[in-house]
Amino acid sequence: MGLLDAILGRSKPVRPDLDQLFAVPSAALTLQAATGFTPTGRGSVCFAGVEGGGFARLQEDVRELLDADTERGGIPVEFSRDAYGYTWLLARHPADDSAALVNDLHAVNTLLQDGGFGPHLLCSLIGFRDAEGRALALVYLYKRGTFYPFAPLPGDAEKRDNQLELQVRGALGDDLRVEKDLSRWFPVWGAPGL
């Protein structure tokens with residue numbers, strides 16, 4: 001960061017630390033003890049799609065890597081596109097194997113980053129549910145290197161359970177690097193894996 005950046009108030013972007021994802025399995029135990037939410041075994045990676053052969057090949061490499069165990073009963077990954085034009089990759093594992101899910105999400109992020117498509121990565125999320133069926137996601141913001149909870153209220157209305165989100169933030173503050181700027185806790189309505 002140069003002098004001009006300091007004068008103009010610009011800051012150097014946080015370098016993503018994908019290894020932060022590996023803290024999720026232990027954070028899941030804390031989350032279960034504090035709130036009763038347990039992993040669903042579903043998680044996803046969101047990225048801005050890019051046209052071109054290089055990106056298409058990389059997307060195919062991701063599919064081949066994650067689908068390698070489908071012959072042994074693994075569940076194939078699914079790609080989808082949302083209403084905003086972002087691409088989502090959905091990975092599924094048994095609910096009690098959050099470590100395998102995190103490994104898959106980390107692998108996708110790493111492949112995209114190492115392939116030169118890191119700037120197109122937006123977020124990754126890991127889904128949770130409680131005994132009442134309420135949904136919760138831990139969202140990892142790639143460009144910030146932080147997590148935040150997203151808790152949509154049940155029903156069709158796009159409303160959030162802000163109290164639950166703040167409760168989860170308090171419970172996981174020692175386990176994960178939680179995003180301090182609440183304005184960056186973006187809603188991910190209808191995200192695969194939620």
Side-chain angles (χ1 to χ4, degrees), residues 1-25 27 42-68 76-93 98 100-127 137-150 152 158 160 165 169 172 175-194:
M1 185 165 82
L3 178 62
L4 186 58
D5 291 329
I7 292 170
L8 296 175
R10 292 183 281 204
S11 62
K12 193 174 190 176
V14 176
R15 179 143 172 84
D17 180 7
L18 293 175
D19 289 347
Q20 291 293 315
L21 289 168
F22 292 124
V24 170
R42 296 166 42 111
S44 56
V45 176
C46 180
F47 50 93
V50 177
E51 300 300 322
F55 187 74
R57 279 190 299 279
L58 186 61
Q59 200 170 347
E60 212 36 54
D61 290 346
V62 167
R63 182 183 300 276
E64 287 177 20
L65 174 69
L66 298 185
D67 286 351
V77 297
E78 296 174 22
F79 283 93
S80 62
R81 194 172 282 256
D82 67 18
Y84 301 102
Y86 293 107
T87 300
W88 289 85
L89 176 141
L90 172 65
R92 290 175 285 186
H93 284 275
S98 57
L101 177 63
V102 166
N103 284 338
D104 281 359
L105 299 179
H106 186 276
V108 171
N109 280 282
T110 301
L111 282 170
L112 289 168
Q113 178 179 275
D114 292 350
F117 297 102
H120 300 279
L121 280 164
L122 299 175
C123 67
S124 296
L125 68 82
I126 298 95
L138 291 180
V139 182
Y140 175 75
L141 291 171
Y142 175 80
K143 290 177 176 72
R144 304 276 297 171
T146 57
F147 289 87
Y148 69 90
F150 174 68
E158 291 184 346
R160 298 167 76 165
E165 291 177 357
R169 176 184 69 175
L172 297 180
D175 293 271
L176 298 174
R177 188 182 303 158
V178 178
E179 176 60 48
K180 291 179 172 51
D181 183 354
L182 298 183
S183 69
R184 297 201 181 261
W185 290 21
F186 305 111
V188 286
W189 305 117
L194 187 60

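Numbers here simply count residues along the sequence, with the first being 1. What you are looking at is a predicted structure, and each value in this text was computed from that prediction instead of being measured. Values below: every heavy atom of this structure, side chains too, minus hydrogens, waters and symmetry copies.
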Taking Trp88 for the side chain and Gly193 for the main chain, is one N or O donor matched with an acceptor at less than 3.5 Å?
-> no

Might you point out which heavy atoms bring Pro149 and Arg169 nearest each other, and give the distance in Å?
-> CG-N, 4.2 Å

Decide side chain to side chain contact (heavy atoms under 4.5 Å, CB included) for Val24 and Phe147; before the verdict, give the C-alpha distance in whole Å, the side-chain angles of both, and the deciding distance to 0.1 Å.
-> CA-CA 10 Å; Val24 170; Phe147 289 87; 3.7 Å; yes

Is Leu122 close to Phe47 at the side-chain level, that is, under 4.5 Å between some pair of heavy atoms?
-> no

Is any side-chain heavy atom of Tyr142 less than 4.5 Å from a side-chain heavy atom of His120?
-> no

Considering the options Leu105, Asn109, Val108, which one meets the side chain to side chain contact (heavy atoms under 4.5 Å, CB included) requirement together with Leu18?
-> Asn109

Nearest heavy-atom pair of Leu101 and Ala91: which atoms, and what distance?
-> CD1-O, 3.6 Å

Under the salt bridge (charged side-chain N to carboxylate O under 4.0 Å, His left out) test, which residues partner Arg92, sequence neighbours left out?
-> Glu78

Does the side chain of Arg184 reach to within under 4.5 Å of the side chain of Tyr148, using non-hydrogen atoms?
-> no

Could you give the distance from CG (Leu121) to CG (Leu141), rounded to the nearest 0.5 Å?
-> 11.5 Å

To the nearest 0.5 Å, atom CG of Leu138 lies from atom CD1 of Ile126 at 6.0 Å

Whether Lys143 side chain and Cys123 backbone form a donor-acceptor pair below 3.5 Å = no

Evaluate the side-chain proximity of Pro152 to Leu194: yes if any heavy-atom separation is below 4.5 Å, no if none is.
-> yes

Of all heavy-atom pairs between Pro192 and Leu125, which one has the smallest distance, and what is that distance?
-> O-CD1, 3.8 Å

Provide the closest heavy-atom pair for Ser44 versus Leu90 in the form atom of the first, atom of the second, distance.
-> CB-CA, 4.2 Å

Nearest-0.5 Å distance that lies between atom CH2 in Trp189 and atom CG in Asp82 | 14.0 Å

Heavy-atom side-chain proximity of His106 to Asp19 below 4.5 angstrom | yes

Determine the minimum heavy-atom distance between Tyr140 and Gly145, stating which atoms define it.
-> OH-CA, 3.4 Å

On a heavy-atom basis, the closest approach of Thr146 and Glu179 is OG1-OE1, 2.6 Å

Rounded distance (nearest 0.5 Å) linking atom CG of Leu89 with atom OG of Ser124 | 9.5 Å

